[in-house]
Participant: 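First the structure, which I've put down as structure tokens, then a few questions once you've had a look.
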4 protein chains.
Amino acid sequence: MLAKKQLGQRAQRKAQRPQEILEAAFEEFVERGYVATRVEDVASRVGVTKGTIYFYFDTKERLFEEMIRHISVPFSDISANAKNLSGSYSERIRMFIRLLYDRIVMDRNTREMLRFVLTEGSRFPQVVDRHHEEFIVPFKEAARDILEAGVAAGEFRNALAVKIPDAAIGATMMLCVWQMLFEDRKPQDVEAFFEAHMDVILHGLIAKDGTGRE
Amino acid sequence: MLAKKQLGQRAQRKAQRPQEILEAAFEEFVERGYVATRVEDVASRVGVTKGTIYFYFDTKERLFEEMIRHISVPFSDISANAKNLSGSYSERIRMFIRLLYDRIVMDRNTREMLRFVLTEGSRFPQVVDRHHEEFIVPFKEAARDILEAGVAAGEFRNALAVKIPDAAIGATMMLCVWQMLFEDRKPQDVEAFFEAHMDVILHGLIAKDGTGRE
Amino acid sequence: MLAKKQLGQRAQRKAQRPQEILEAAFEEFVERGYVATRVEDVASRVGVTKGTIYFYFDTKERLFEEMIRHISVPFSDISANAKNLSGSYSERIRMFIRLLYDRIVMDRNTREMLRFVLTEGSRFPQVVDRHHEEFIVPFKEAARDILEAGVAAGEFRNALAVKIPDAAIGATMMLCVWQMLFEDRKPQDVEAFFEAHMDVILHGLIAKDGTGRE
Amino acid sequence: MLAKKQLGQRAQRKAQRPQEILEAAFEEFVERGYVATRVEDVASRVGVTKGTIYFYFDTKERLFEEMIRHISVPFSDISANAKNLSGSYSERIRMFIRLLYDRIVMDRNTREMLRFVLTEGSRFPQVVDRHHEEFIVPFKEAARDILEAGVAAGEFRNALAVKIPDAAIGATMMLCVWQMLFEDRKPQDVEAFFEAHMDVILHGLIAKDGTGRE
DNA sequence: GATGAATGAGTCTTCATTCAT
DNA sequence: GATGAATGAAGACTCATTCAT
């Protein structure tokens, strides 16, 4: 009976190997970057040997690419999410940006994904391109949609940033970069930053009079 | 006489060698990152051989560090500059942020410096620390100074962002990141971005009434 | 009943496994040579996995040796055959050499066997030695027997080649080598070659007068 | 003075390195074949380390190819040589075949070259092709020329082998193969073999009648 | 000062072999 | 019997670093 269970566990283990390896790869690549990470480092993090990695992934390059694919969860859901927002447009944009914070500031995977894009982009241009297609473009469009709807509804003034939503939303990136740089060493007060960010841009976007006219 | 001149030129050349090497190193490290750059790549960019590099720099690590030092031009001048700004606080903050754009968006050296901080930070923690001390802290303080003065003068409302100026200024980082990612491939309209950014945050900061009271 | 049949087939299959493997091994070793052939290549040619090969053969080395044994069909029969030849000695030597052509020129197994002897000889000296004992020596002796009998019968002159039959028969090797080198790419007209070969050596061996005396 | 000489020697040494390496490569590749030879084996035969080999040759493959080129001395000279032969056609063909013996039987380089063609041909098809173009074709043509001239002069009968000279000359290959197989272990009496070979084919080719009188 | 031949530690990758299932 | 995941030794190749010239 115990033996049976163990057998089951082993088989289960094997089925999980690829995931385990990809997650170990993520950690190692995050720590040292693509070039400086040894396949053996990944292996010993999983508790196996080099050969096992190569049993599942043809090359280190391939391992990296698949790891990227594995940790990438497209913004598509965010985009969908954005459409389901309700309430005033101020509330909507606030909730939308909150989603963004949850992703690129709070979620380590997404943040490190961005780091990979910056650090390994020249080695893996497809990664940059995919990231652009799947994350950046949908995100910008969703932001613009909300802002434009807010303008149409008279809640926001027709600010320049409506066409260039990054200019309003972009401070998020500053915090993201701080996180990447100092991670634990100089912890940021994310909530305070978020509130300050919202405070500035909502004041900056909201139409001054009740009618939405400036 | 001719000999002298030649010697003079040669001597001059030699005196410049270290600079030349550091600049070549910058280009190569930018292109491939620290690990993937070969000392020989740097050498052939200068037009010398490996050995020459080692005559001037003990190790590749050293070369990298000195290169960083060489391209780093502290924000100290910016900080000083910030104090000399005149005009309305809106104009001052606008001019101050303009300086920032000129540095981290427009100036390749500073931008790539930031990339090094992100990409090689774990290998060269001192670089991150120095960057923090010399760039980030002074810059944040200068920003805060202007904002606080603007509040004191009644021109700005006492927004949350006064204490966390990154929340107002941070969109600059978004553009900087775009530049790093797409450099030439997807050129950005920096001026439009800047104007949109200013438009949002100035509207977001300026006190609504003459008194500065909201 | 059905079950029995299936078992029968399966059992039959299994009984043939070793042969199947040896034949697959032959093809693979021919294609890539001993070192470059992977045990897995052999396995997938049979349609099994690595492990199965190791069930039947202890090591790759062993597999090679047994494969050699399997495809080696000693010349002993030829030697016997030679003794049963009848007709004029010209006809006998012609028929004998014909056998040789059938083997080392036309029969792929024997030809590739020779290639193995040439290519892997230093790795498997026993193979070379066995080949020498079982193929070359008997063959030379059979040839010498025929030639000597032909001389005794007065049909052949007592040429130097009677003691060194390779000197008469050896052109066969030239054709064999061409086959090894160009196999399909530059097909040889074996019949024409054979006739030309016979023509030269029979004219070269036959005694000039009716009596067989020179 | 001694120092100067040593300096000279060192420089000289360096100039010779590529040759030294190619010759060491030849020996190692002969001994173990392409796949089984380690670059380090070649290096230690020269008395240097791996790295040095890679300083001169990009890859092991390249090393092999260049080694082949280095030891290949085309038959072109033989071909020219064949045209300068004088004397009876029997003497000419004898001298021509003698040249062949000197090359493929006696000259280790040429013989091992043939072995490479047989053993590594599938890995280096260009080598086989070059060998065919530069050695085999010219050699066959030269042989045919002599035989045809001998027929025209009435010295040789119009044997089938005139069109297929390999059939007459080919026994050389048998001896060559023996040499490859047994090298030192079973030394051959090359002279006796040569004489037996000549004896058979000259008797086989010379015209029987009064004009080509034997 | 500059060169570039040489070194050797380090890394990716392959593959014969094992063994739990 | 058969499978295929796992191992680890081995080999190609790279590159920071040295040093004789």
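Remember, predicted model here, so these are calculated numbers, not experimental data. Lettering of chains follows the sequences in order, A, B, ..., and the numbering in each one begins at 1. Excluded from the calculations below are hydrogen atoms, water molecules and symmetry mates; all remaining heavy atoms, backbone and side chain alike, are included.
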Participant: Test Glu31(A) against Ser122(B) for side-chain contact (heavy atoms from CB on, under 4.5 Å), laying out the working first.
Facilitator: CA-CA 7 Å; Glu31(A) 235 169 73; Ser122(B) 60; over 6 Å; no
Participant: How many Å lie between CD1 on Ile53(C) and C1' on dG4(F), as a whole number?
Facilitator: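 These atoms are roughly 14 Å apart.
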Participant: Starting at CD of Glu61(B), measure out to OH of Tyr34(B) and round the result to the nearest 0.5 Å.
Facilitator: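 Glu61(B) atom CD to Tyr34(B) atom OH measures 4.5 Å (nearest 0.5 Å).
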Participant: Hey, could you give me the CZ/CZ distance between Arg62(C) and Arg69(C), rounded to the nearest 0.5 Å?
Facilitator: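 That separation rounds to 7.5 Å.
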Participant: Please report, rounded to the nearest Å, how far the P atom of dT17(F) is from the CZ atom of Phe55(B).
Facilitator: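 Rounding to the nearest Å, CZ of Phe55(B) and P of dT17(F) are 17 Å apart.
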Participant: Rounded to whole Å, how long is the line connecting atom CD of Glu61(B) with atom P of dC15(F)?
Facilitator: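 Atom CD in Glu61(B) sits about 18 Å away from atom P in dC15(F).
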Participant: Mapping Lys60(D) and Tyr54(B) onto DNA chain F by nearest heavy atom, which one lands closer to the 5' end?
Facilitator: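 Comparing both residues, the 5'-ward one is Lys60(D).
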Participant: Once you round it to whole Å, what is the distance between P of dG1(E) and CD of Glu20(B)?
Facilitator: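 Taking CD of Glu20(B) and P of dG1(E), I get 14 Å after rounding.
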Participant: For Phe116(B) together with Phe64(B), are the ring centres under 6.0 Å from each other?
Facilitator: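 Here the rings of Phe116(B) and Phe64(B) have centres that are less than 6.0 Å from each other.
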Participant: Pick the closest DNA chain E nucleotide for Val48(D) and for Thr52(B) by heavy atoms, then say which residue is nearer the 5' end.
Facilitator: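 It is Thr52(B) whose nearest nucleotide is closer to the 5' end.
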Participant: For Thr59(B) and Val35(D), find the nucleotide of DNA chain F closest to each by heavy atoms; which residue's nucleotide sits nearer the 5' end?
Facilitator: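 Nearest-nucleotide comparison on DNA chain F picks Val35(D).
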Participant: Just the rounded figure in Å: distance from P of dA6(F) to CZ of Phe57(A).
Facilitator: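 So the two atoms are 12 Å apart, to the nearest Å.
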Participant: So which one's nearest nucleotide on DNA chain E is more toward 5', Gly47(B) or Arg38(C)?
Facilitator: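 In this pair, the answer is Gly47(B).
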Participant: Taking atom P of dG4(F) as reference, at what distance in whole Å does atom CD of Glu40(C) sit?
Facilitator: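 That distance rounds to 10 Å.
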Participant: Is Tyr56(B) near enough to dG1(E) that one of its side-chain N or O atoms lies under 4.0 angstrom from OP1 or OP2?
Facilitator: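 Result: no.
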Participant: Ignoring hydrogens and geometry beyond distance, is the side chain of Lys50(C) in donor-acceptor contact with the base of dT17(E) at under 3.5 Å?
Facilitator: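 Yes, a donor-acceptor pair under 3.5 Å.
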Participant: Below 4.0 angstrom, N of the basic side chain to O of the carboxylate: do Arg108(B) and Glu27(B) qualify?
Facilitator: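 Looking at Arg108(B) and Glu27(B), the cut-off is met.
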Participant: Counting Watson-Crick and G-U wobble pairs only, both distances under 3.5 Å, name the nucleotide matched with dC12(E), or none.
Facilitator: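 Matched dC12(E) with dG11(F) under the 3.5 Å cut-off.
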Participant: Within this structure, what is the CG-to-C1' distance between Leu63(C) and dA16(E), rounded to whole angstrom?
Facilitator: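 Distance check: Leu63(C) CG to dA16(E) C1' gives 12 Å.
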Participant: In whole angstrom, give the distance that lies between atom CZ of Arg123(D) and atom P of dA12(F).
Facilitator: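 Rounded to whole Å, this separation is 12 Å.
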Participant: Of all the choices, dC13(F), dA6(F), dA16(E), which nucleotide is nearest to the side chain of Arg17(A) once you look at every atom?
Facilitator: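 Output: dA6(F).
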Participant: Sort out the partner of dA16(F) for me: Watson-Crick or G-U wobble, both distances under 3.5 Å, none otherwise.
Facilitator: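 Check on dA16(F): paired to dT7(E), both distances under 3.5 Å.
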